[in-house]
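Heads up: the structure comes next, in structure tokens.
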Amino acid sequence: MSSIIEVKDLITEYNGERILDGVSVDVKKGSIFVILGGSGCGKTTLLKHIIGLLFPVSGSIKVFGQEIVGMEEKKFEEILENCGMLFQEGALLNSLSVGENIAIPLRQHTDLDEEIIQRVVRTKLHLVELDYALNLSPSELSGGMKKRVALARAIALDPKILFCDEPSAGLDPVTTREIDKLLMKLRDQLDMTIIAVTHVVDSVRRIADEIIFLDDGKVMFTGSFDKAEKSDIPQIKKFFID
Ligand SMILES: Nc1ncnc2c1ncn2[C@@H]1O[C@H](COP(=O)(O)OP(=O)(O)OP(=O)(O)O)[C@@H](O)[C@H]1O
Ligand SMILES: [Mg+2]
């Protein structure tokens, strides 16, 4: 399998405070790559660097084989159009209907006809099994439904890479399983590459093709779930016990 994201020796800081201290990752095309680590260790920070929201102190980040650190904005926009992002906070607009929320990226990045936009919106809603929610307000939805709508919006432009920051945070085990099934469907049927941050052990077991574990600014483990479960590294053992 070929690499779709390659991060090398990434060093990042917030106001002079080092967060990631030489992080390297290699994500294979068509896989689900899971980032683990304690709260505040820099998981979201890593995602934000890969999608260019933050600029590193040093290091290299290649997406689709192209170096994005220092890339000209216009060129980077093209890369971003192939990336979907499910943010940790979800971030649906309550002033817009579910359908209109999903239409946002289509209106922003394409000049598709209204009819086509509506068709894409319905297709994505169908994929997350929320056909009936088209005209509802996000405020009328449960937490799990909101996550599914946010997921439908994140994949509106059929991205090749989907970033999911805690897709199951605050959800019950049944809803978590539904979200996991959706992610695996995207990987298996659409060959999407998915980078997910999660701390739900059952979820990691189900979806992860590869795991990295961040601690103290560094990658302390890379490998499969089975290998992680058998690891002797104390921080990883603790993750599986808690
Ligand atoms: N905008 C910011 N300005 C300054 N410091 C920040 C900012 N965002 C995050 N940090 C700090 O960087 C560190 C890493 O934060 P990050 O959000 O990447 O952690 P995380 O691993 O995603 O944690 P969580 O599991 O709680 O979501 C934390 O110490 C945090 O306080
Ligand atoms: Mg985070």
Side-chain angles (χ1 to χ4, degrees), residues 5-27 32-61 63 68-69 76 80 83-92 143-144 146-151 153-154 159 161-173 175-176 179-180 183 193-208 210-223 225 228 231 233-242:
I5 296 173
E6 294 163 278
V7 176
K8 263 222 163 90
D9 304 324
L10 187 71
I11 295 184
T12 74
E13 290 179 351
Y14 283 118
N15 315 319
E17 193 196 338
R18 188 142 306 188
I19 307 295
L20 300 177
D21 189 16
V23 164
S24 298
V25 302
D26 185 334
V27 180
I32 299 184
F33 186 90
V34 173
I35 303 170
L36 302 177
S39 184
C41 74
K43 303 179 295 295
T44 299
T45 302
L46 176 58
L47 291 189
K48 285 183 173 170
H49 278 82
I50 299 174
I51 58 168
L53 283 179
L54 296 170
F55 201 78
V57 173
S58 64
S60 155
I61 303 169
V63 183
I68 65 153
V69 178
F76 186 62
L80 267 194
C83 296
M85 178 81 195
L86 184 61
F87 286 100
Q88 192 162 7
E89 308 81 21
L92 295 173
K146 278 186 196 147
K147 279 277 157 140
R148 275 145 71 194
V149 173
L151 185 58
R153 185 177 61 186
I161 307 177
L162 174 66
F163 296 91
C164 300
D165 201 346
E166 300 275 9
S168 309
L171 301 181
D172 63 82
T175 315
T176 298
I179 301 265
D180 288 348
L183 296 180
T193 305
I194 299 172
I195 324 280
V197 172
T198 179
H199 62 270
V200 181
V201 179
D202 283 339
S203 189
V204 182
R205 177 184 293 117
R206 276 192 292 266
I207 67 173
E210 184 155 56
I211 296 168
I212 61 160
F213 197 98
L214 292 179
D215 187 56
D216 204 16
K218 302 198 191 292
V219 178
M220 62 161 22
F221 171 89
T222 308
F225 181 87
S231 169
I233 301 168
Q235 289 90 326
I236 297 180
K237 281 187 130 151
K238 189 170 178 296
F239 174 82
F240 286 104
I241 291 163
D242 288 352

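Not measured: the values here are computed from a predicted model. Atoms considered below: every heavy atom in the structure, side chains included; atoms not considered: hydrogens, waters and symmetry mates. Order of appearance sets the numbers: ligands from 1, and atoms from 1 within every ligand.
Of the inter-residue distances, the one linking E17 atom CD with T12 atom OG1 reads 10.0 Å to the nearest 0.5 angstrom. The CE atom of M85 lies 5.0 Å from the CG atom of L47; values are rounded to the nearest 0.5 Å. Taking CD1 from I68 and NE2 from H49, the interatomic distance works out to 9.5 Å, rounded to the nearest 0.5 Å. Atom NZ in K48 sits 7.5 Å away from atom CZ in F87 (nearest 0.5 Å). Atom CD1 of I61 sits about 8.5 Å away from atom CZ of F55, to the nearest 0.5 Å.
Ligand 1 has G42 within reach: a non-hydrogen atom of the residue lies less than 4.0 Å from it.
Of all the heavy atoms of T44, the ones lying under 4.0 Å from any atom of ligand 1 are found in both the backbone and the side chain.
Of all protein heavy atoms, the one closest to atom 26 (O) of ligand 1 is S39 OG, 2.6 Å. Closest protein heavy atom to atom 14 (C) of ligand 1: G40 O, 3.2 Å. Among protein heavy atoms, atom 6 (C) of ligand 1 sits closest to Y14 CD1, 3.2 Å. Among protein heavy atoms, atom 25 (O) of ligand 1 sits closest to K43 NZ, 2.7 Å.
With 2.8 Å as the limit, T45 does not count as an N, O or S neighbour of the Mg ion (ligand 2).
Within 6.0 Å of atom CG in D172, more than 12 heavy atoms from other residues, nucleotides or ligands are found, so the atom counts as buried in its surroundings.
At a distance under 4.0 Å, a protein heavy atom can be found next to atom 28 (C) of ligand 1.
Considering only heavy atoms from C-beta on, L54 comes within 4.5 Å of Y14 through its side chain.
The ligand atoms of ligand 1 that sit less than 4.0 angstrom from a heavy atom of T45 are 14 (C), 15 (O), 16 (P), 18 (O).
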